[in-house]
Amino acid sequence: IQKIFFIAFSSLIIAVFVAVILNKKIVDSIKKLKNSAESFGRGNYDERASIDTGDELEELAESFNKMADEIGKSDKKLKSDAHTLKTSFDELKEVDNLKSEILSIVSHELRTPLTAILGYVELLKDETAGKLSEKQKEFISVISENSDRLKRITDNMSDLVTVDNKILDIKRDRINLKKEVNDILRSFDYFAESKNIVLLEDVDNLDIKGDKSKIHQVLSNLIENAIKFSKKQTKVTVMGFEDKGNIHLEITDQGPGIPKEHLGKIFDKFYQIDSSSKREVGGSGLGLAVCKKIVESHGGSIWVESKIGKGTTVHVMFPLIK
């Protein structure tokens with residue numbers, strides 16, 4: 001009996017000893033895996049778990065290491081892509097700053113001779129330098145109209161730079177939009193007649209507060225575009241009515257219309273629907289971008305609706321004077 005008891009007791013001791021050793025090996029392996037995971041979680045993507053137990057724990061460590069390899073590769077690629085993107089961004093920013101500087105210089109240099117041209121055109125129209133024949137008056141009207149158009153382009157350039165620099169100076173005067181629209185339509189009479197386009201106006205007698213020259217610039221750009229892109233022997237309509245505390249202007253043409261895929265981009269700087277050298281109608285791609293900035297700076301909104309083959313309507317909302 002003593003012999004049996006001794007054997008049993010010895011077996012128990014050995015079993016306990018083996019269990020302690022195995023338990024320590026398992027615990028140590030789990031601790032290694034835990035420490036590796038925590039180190040990896042802190043961003044040390046070179047961390048790997050080294051476990052040699054020949055069991056499921058070793059397989060788990062191998063799976064962890066494979067996952068770490070893939071994440072490490074992805075991290076290096078992301079860092080490389082981020083560096084490339086930053087370099088590209090810096091280059092684009094430098095180009096954008098250069099573009100703004102060029103626009104500023106060009107618009108400034110154009111203003112002086114343009115002001116002189118406009119001044120002398122007005123003197124000729126007033127017949128200060130002598131009586132004009134009907135044909136001469138017609139030529140002067142064409143010069144005057146194109147000089148005004150060139151002035152709008154230089155204004156757009158200047159405003160685009162100031163808007164990008166967030167220094168657009170907005171005055172707040174009382175403006176009657178019906179009168180403003182009528183004045184602009186009259187200035188485009190000859191341009192419209194040259195294309196046999198009828199100009200129609202139905203704007204309610206409503207006032208807003210804003211910068212008169214900037215509002216004039218917006219409406220001139222939009223009405224000129226409507227005439228420019230309209231088919232011959234059609235009509236351009238400007239309507240204005242009260243809409244929930246705003247005046248809602250609609251400038252409608254009967255042109256070819258704008259494809260849906262372009263509608264979301266037409267207010268982007270330098271964006272042109274037809275950028276080919278053979279396009280029939282010229283443009284800088286600045287007008288609508290500037291219009292949007294000016295309208296929004298007055299607390300308004302602008303958007304476009306269009307149907308291919310039927311025409312385009314530009315909607316502009318300005319808050320009314322309360």
Side-chain angles (χ1 to χ4, degrees), residues 103-104 107-108 110-112 114-119 121-122 125-126 144-145 147-189 191 199-227 236-252 267 269 286-304 313-322:
L103 285 177
S104 181
S107 62
H108 177 75
L110 284 175
R111 282 175 185 270
T112 302
L114 190 54
T115 300
I117 292 170
L118 288 168
V121 166
E122 286 303 314
K125 286 169 73 175
D126 294 341
S144 177
E145 183 182 296
S147 297
D148 287 336
R149 192 176 303 172
L150 184 56
K151 184 179 183 300
R152 283 193 294 276
I153 292 172
T154 58
D155 288 342
N156 286 342
M157 288 182 182
S158 178
D159 281 341
L160 190 63
V161 174
T162 55
V163 162
D164 282 346
N165 294 332
K166 298 180 181 179
I167 54 173
L168 188 62
D169 184 24
I170 298 294
K171 299 176 183 177
R172 298 290 175 180
D173 301 316
R174 191 181 191 95
I175 304 169
N176 183 274
L177 283 184
K178 184 177 182 69
K179 181 180 182 304
E180 197 67 28
V181 168
N182 276 307
D183 289 345
I184 294 169
L185 288 175
R186 278 199 301 272
S187 71
F188 283 117
D189 276 343
F191 183 31
L199 301 178
L200 301 175
E201 175 269 326
D202 184 15
V203 179
D204 292 347
N205 193 30
L206 298 168
D207 294 343
I208 66 168
K209 265 198 173 183
D211 190 306
K212 188 175 176 65
S213 65
K214 295 284 189 289
I215 298 297
H216 185 95
Q217 185 180 345
V218 169
L219 298 178
S220 293
N221 269 314
L222 297 179
I223 293 171
E224 181 185 3
N225 280 347
I227 299 170
V236 169
T237 306
V238 183
M239 296 182 64
F241 49 91
E242 186 172 352
D243 184 359
K244 298 177 182 177
N246 302 287
I247 180 166
H248 187 157
L249 292 171
E250 295 180 351
I251 298 98
T252 303
F267 292 105
K269 292 179 292 185
L286 297 174
L288 287 177
V290 172
C291 285
K292 187 173 189 292
K293 295 291 186 181
I294 293 175
V295 169
E296 290 177 348
S297 70
H298 282 78
S301 57
I302 182 170
W303 70 97
V304 175
T313 297
V314 180
H315 298 264
V316 185
M317 299 265 271
F318 287 114
L320 288 170
I321 293 178
K322 296 180 180 179

Distance in Å, [X] [atom1] paired with [Y] [atom2], rounded so as to fall on 0.5 Å steps:
X	Y	atom1	atom2	result
Cys291	Asn221	SG	CG	4.0 Å
Met317	Glu250	CE	CD	10.0 Å
Ile117	Asp148	CD1	CG	11.5 Å
Phe191	Leu199	CZ	CG	10.0 Å

One pair to check against side chain to side chain contact (heavy atoms under 4.5 Å, CB included): Leu185 and Val236. What are the steps and the verdict? CA-CA 10 Å; Leu185 288 175; Val236 169; 5.7 Å; no
Are [X] and [Y] close enough that some pair of their side-chain heavy atoms sits under 4.5 Å apart?
X	Y	result
Phe267	Val304	yes
Asp211	Ile294	no
Ile208	Leu177	yes
Leu249	Leu219	yes

At their closest point, which heavy atom of [X] faces which heavy atom of [Y], and how far apart are they?
X	Y	value
Leu206	Phe241	CD1-C, 4.1 Å
Asp204	Lys178	O-CB, 3.8 Å
Ser301	Val295	N-CG1, 3.4 Å
Gly210	Ile175	O-CD1, 3.4 Å
Ser144	Glu122	OG-OE2, 4.4 Å
Gly299	Pro319	O-CG, 3.6 Å

Among all residues two or more places apart in sequence or in another chain, which pass the ring pair (Phe, Tyr, Trp, His ring centres under 6.0 Å) test with His216?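 Ring pair (Phe, Tyr, Trp, His ring centres under 6.0 Å) check on His216 returns nothing, list empty.
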Which residues share a side-chain hydrogen bond (donor to acceptor under 3.5 Å, both in side chains) with Arg186, sequence neighbours left out: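 In terms of side-chain hydrogen bond (donor to acceptor under 3.5 Å, both in side chains), with neighbours along the sequence ignored, Arg186 is linked to Asp183.
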Output all residues satisfying side-chain hydrogen bond (donor to acceptor under 3.5 Å, both in side chains) with Asp207, sequence neighbours left out; order by chain, then residue number.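 side-chain hydrogen bond (donor to acceptor under 3.5 Å, both in side chains) check on Asp207 returns Arg174, Asn176.
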The test is side chain to side chain contact (heavy atoms under 4.5 Å, CB included); show your working for Ile302 and Val314 and say whether it passes. CA-CA 7 Å; Ile302 182 170; Val314 180; 4.0 Å; yes
Parallel, tilted or perpendicular, as decided by the 30° and 60° cut-offs, for the rings of Phe318 and His298: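 Because their plane-to-plane angle is over 60°, the rings of His298 and Phe318 count as perpendicular.
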Pair Val238-Leu222, side chain to side chain contact (heavy atoms under 4.5 Å, CB included): steps then yes or no: CA-CA 10 Å; Val238 183; Leu222 297 179; over 6 Å; no
Main-chain N/O of Val203 paired with Glu201 side-chain donor or acceptor, under 3.5 Å: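 Side chain of Glu201 to backbone of Val203: a pair is present.
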